[in-house]
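Some notes on the structure that comes next.
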Amino acid sequence: MLYGLLDAARARSEEALRDVHGQGGQGGTFAARMEREVSAYEQARRLSQLNAVDRGLCFGRMDDTSDRTFYIGRIGLHDAEYEPVLIDWRAPAARPFYAATPNDPAGLLRRRHLYTRGRTVVGLDDEVFDLDRMSEADRRGLVGEAMLLATVRRGRTGRMSDVVATIQAEQDRVIRSALAGVLVVQGGPGTGKTVAALHRAAFLLYTHRRTLERRGVLIVGPNSTFLRYISQVLPSLGETDVVLSSLGELFPGVRATAEEDPATAVIKGDLRMVKVLRAAVRDRQRLPGRDLRLEVDGVPITVAADVCERARIRARGMRRPHNVARKLFVTEMLNAIARAESVALGRSLDEEDLPYARARLWDEDPVRSALDELWPFLTPQRLLAGLLEEEGALRRATPSFSASERSTLLAAHVRGRWTVSDVPLLGEAAELLGADDSADRALRRAAERQRREEEEYAEGVLELTGLAGQGLVDAADLARRNRDDGPELTTAERAAADRSWSYGHVIVDEAQELSAMAWRMVMRRVPTKSLTVVGDVAQTGNPAGATSWGEMLDRYVSGRWREERLTVNYRTPAEIMAVAAGVLAKVAPAQEPPDSVREEGESPRAIRVPAAAELGPEVARVVDQEVAGLTAAEEGRLAVIAPADRIAELAAQVPGAVPGDRPEALDSPVALLTVAQAKGLEFDRVVLADPAGVIAQSPNGGHDLYVAITRATHRLAVVYEGELPSLLDALRPTIEDPTPVG
């Protein structure tokens, strides 16, 4: 019945869209064309939504104590009498489906999960909150295995799926939390914090559509592999107007993937870099060593040094970004050069003639070169590269840095390559530099006048057509859609291309990895400070990252952030979590591990590499064993997680393992990942290679080990050389004898 309603709604939208297109795009009055545009936009949007929710349309039912039955699904549907038949999971009426617990059933008698494949129900799962009030027939009809555990036990597919059918009460509190302010979602491995945050994005866009649609929602993830992993969740929930970006992509035109060594990451992530960049900008606002001497058309010209200094003082006094203030400096200097030229030629120069003299002199290469040397136009890339490549420039900008810190920065930089840690520095440099936008401002003023006129006209059209006040479209949107600005860009497309775009809400996943400089960059993108911060400080691998949430957030929203804790681990079996808890107790004793809800019945394995053998072949042997255990029906995935400096070696020795920096890694049965690439991901089976190397690669290596261990949903194997690290003492009873050499 519900799929029949979906098909009927889809058919109506398709027919309405055909009718609109059949009317043509140019005929009739302007008002008629605008009305057609509104109708076409809304029908196309509705059709896209209806097509996206076909899989798993209805996944729940709830019966309340008043003998009413409600069905819960991905969208809302109504019957021919406009009575609601399927309730959108984000609607307030659906909240009891997620919030009900045995202690607080929220007025429900029964909650039923429906498990479907295609359009066929293949399983049911009933939870009863008041058995005594159920009829005998209903009692006999109770069925099902716990749907959540069934979902967890399914094999991984290489992409995160939505959990809209299995949201738990503590996750629902996160999803439905208020839009305003900063919400911190602290949760250990496997607690579902990422997927809860994604469903929160869908919920906020549904609940606050008018607030967020024009500004958009930004989701920041740790790397591009993670973004590919979560890319299907929001479209499956009917939401596409969201920007997904890694930190390395937050500066338009730069796509940084390289990670810094720990020492360099700490320096670049420190807020001292703000002062360094300010000093680097001022260092490029120079004075000639003595008087400025030029020759224009064979005429020698001298501008006194004190005149140059006064021009710089006035330009700096504007307190505007470097490239904006450059216009005043250049104008002042051209005036001075024009006057000096008139003296050299023995002529008088009227003030009315100055604009023409400036324009003529600016076309002279010697003049332009001299002024560019004194106050150059700078891009963020040019400023930062000059700072990190020139020892003199770095020394002048870092008087408080030690010689060792300067050497670290100089040695780490590779010409032409940007690292993830460089991106916040580029963003800061862009703020300090700005751009000479006087011409753009004139164009914007003209465009603003035209926009106001168009919106006033559009408001009148909405009134005449009866569409005003219905919430379908407002005058600003209508005017924008009918403006000929070239190909229509979505909010997400426009936001992703604009460094200064201000978002309505920002979600930061694996947020514990952000440095102080990275937080500064993120906070600029959301002036309202409406954020969802998702992470686990026990998993902080970046030595420049967070040791507490207050450390990073209090400087922006002191006392104005709230925390929700997720405490139940749905992903990691108790046997693996016991090993992880041992690691956590040693590296972060103040942190509590989440409680696992299931046992796998199989302990993790520890395999010692024979003294005369290499790591790679032994890892390949263990991978072959584990892959053999993944049947085609499970549709499972395996990850080999190893230290960054051993990835190339293992890629050559483990057949079929696809390194994580390739797009196809998640679609391969075996992925080869560093710990940083594995953050936020999950796999049926994990082979951890060289745990001692993972620990040694960073001051936070113990936290990295904790992350690596907790990626598995079913089985874990640890392959090591020499002695098993003491952090893994819980694995000692499982150590397997070395494979005989040869």
Side-chain angles (χ1 to χ4, degrees), residues 170 173-175 177-188 191 193-194 196-197 200-201 204 215 217-222 245-247 250 260 262 265-278 400 420-421 423-425 427-428 431-432 500 502-567 584 587-592 679-680 699-700 703:
E170 64 178 10
R173 287 198 304 273
V174 168
I175 292 168
S177 184
L179 170 67
V182 177
L183 172 67
V184 173
V185 183
Q186 163 68 36
T191 53
K193 54 187 179 293
T194 294
R200 173 166 169 74
L204 292 177
R215 301 312 311 168
V217 173
L218 169 66
I219 297 178
V220 181
S245 176
S246 67
L247 185 65
L250 273 183
E260 298 283 7
V266 169
I267 298 171
K268 289 185 177 181
D270 195 300
L271 287 177
R272 291 185 301 166
M273 291 302 297
V274 175
K275 291 184 177 179
V276 170
L277 290 166
R278 285 176 183 162
S400 64
V420 175
S421 297
V423 170
L425 304 185
E428 188 70 28
E431 292 293 309
L432 295 170
S500 61
S502 297
Y503 288 92
H505 190 77
V506 172
I507 296 174
V508 186
D509 206 343
E510 299 295 339
Q512 74 278 356
E513 300 302 321
L514 269 64
S515 68
M517 285 300 296
W519 275 113
R520 187 174 168 89
M521 184 181 197
V522 168
M523 288 297 184
R524 276 197 297 267
R525 307 305 297 270
V526 55
T528 60
K529 300 299 181 283
S530 174
L531 295 98
T532 303
V533 176
V534 183
D536 178 14
V537 291
Q539 298 184 58
T540 304
N542 182 0
T547 57
S548 72
W549 295 119
E551 172 193 9
M552 293 300 182
L553 297 176
D554 281 345
R555 65 174 54 94
Y556 303 104
V557 287
S558 179
R560 293 184 287 118
W561 56 273
R562 61 197 188 277
E563 182 177 26
E564 287 281 357
R565 286 184 171 264
L566 301 181
T567 60
L584 184 63
V587 301
Q591 298 295 325
E592 288 290 329
K679 280 188 179 293
N700 285 16
H703 298 261

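Taking CD1 from Ile219 and OG from Ser245, the interatomic distance works out to 11.0 Å, rounded to the nearest 0.5 Å. From Gln591, atom CD reaches atom CD of Gln539 across 10.0 Å, with rounding to the nearest 0.5 Å. Atoms OG and NZ, from Ser400 and Lys275 in turn, are 7.5 Å apart once rounded to the nearest 0.5 Å. Between Tyr556 atom OH and Arg524 atom CZ the span is 8.0 Å, to the nearest 0.5 Å.
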Original post:
Can Val182 and Val533 be said to form a side-chain contact (heavy atoms from CB on, under 4.5 Å), step by step?
Top reply: CA-CA 7 Å; Val182 177; Val533 176; 3.9 Å; yes

**OP:** Would you check, one step at a time, whether the test side-chain contact (heavy atoms from CB on, under 4.5 Å) holds for Leu531 with Ile507?
**Re:** CA-CA 6 Å; Leu531 295 98; Ile507 296 174; over 6 Å; no

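With no hydrogens or angles considered, no side-chain donor-acceptor pair links Thr540 and His703 at under 3.5 Å. Side-chain contact of Gln512 with Asp536: a donor-acceptor pair under 3.5 Å is absent, judged by distance alone.
Side-chain contact between Val537 and Gln186 is present, with at least one heavy-atom pair separated by less than 4.5 Å. You'll find the side chain of Met517 reaches within 4.5 Å of the side chain of Leu271, heavy atoms only. For the pair Ser502/Arg215, a side-chain contact is recorded, criterion being any heavy-atom separation below 4.5 Å from C-beta on. Side-chain contact between Leu553 and Trp519 is present, with heavy atoms from C-beta onward closer than 4.5 Å. Using a 4.5 Å heavy-atom cutoff, the side chains of Thr191 and Thr567 are not in contact. A 4.5 Å side-chain heavy-atom check between His505 and Thr528 finds every atom pair outside the cut-off. In this structure the side chain of Val185 reaches within 4.5 angstrom of the side chain of Thr532, judged on heavy atoms. In this structure, the side chains of Lys268 and Leu425 come closer than 4.5 Å at one or more pairs of heavy atoms.
Among all heavy-atom pairs drawn from Ala518 and Pro424, the shortest one is CA-CG, 3.8 Å. Between Ala265 and Ala544, the shortest heavy-atom distance links the atoms O-CB, 3.5 Å. Taking every heavy atom of both residues into account, Gly541 and Asn700 meet most closely at O-CB, 3.4 Å. Here the closest heavy-atom approach between residue Val220 and residue Leu250 is recorded as CG2-CD1, 4.3 Å. For the pair Ile175 and Ala196, the tightest heavy-atom approach, listed with the atom from each and the gap, is CG1-O, 3.4 Å. Nearest heavy atom pair, residue Val217 against residue Tyr503, reads C-CD2, 3.9 Å.
Applying the salt bridge (Lys or Arg N to Asp or Glu O under 4.0 Å) test to Arg173 and every residue at least two apart in sequence or in another chain returns Glu564. For Glu563, the salt bridge (Lys or Arg N to Asp or Glu O under 4.0 Å) test picks out Arg565, with sequence neighbours left out. In this view, Ser177 and Arg562 satisfy the side chain to side chain donor-acceptor pair (under 3.5 Å) rule, not counting sequence neighbours. Under the salt bridge (Lys or Arg N to Asp or Glu O under 4.0 Å) criterion, Glu170 pairs with no residue at all, not counting sequence neighbours.
At least one donor-acceptor pair closer than 3.5 Å links the side chain of Lys193 to the backbone N or O of Gly188. Using modelled atom types, one side-chain atom of Ser530 and one backbone atom of Leu179 make a donor-acceptor pair closer than 3.5 Å.
For residues 545-561, the set of pairs meeting the salt bridge (charged side-chain N to carboxylate O under 4.0 Å, His left out) definition, not counting sequence neighbours, is empty. Within the structure, the salt bridge (charged side-chain N to carboxylate O under 4.0 Å, His left out) test picks out the following pairs touching residues 509-523 (sequence neighbours left out): Glu428-Arg520, Glu513-Lys679.
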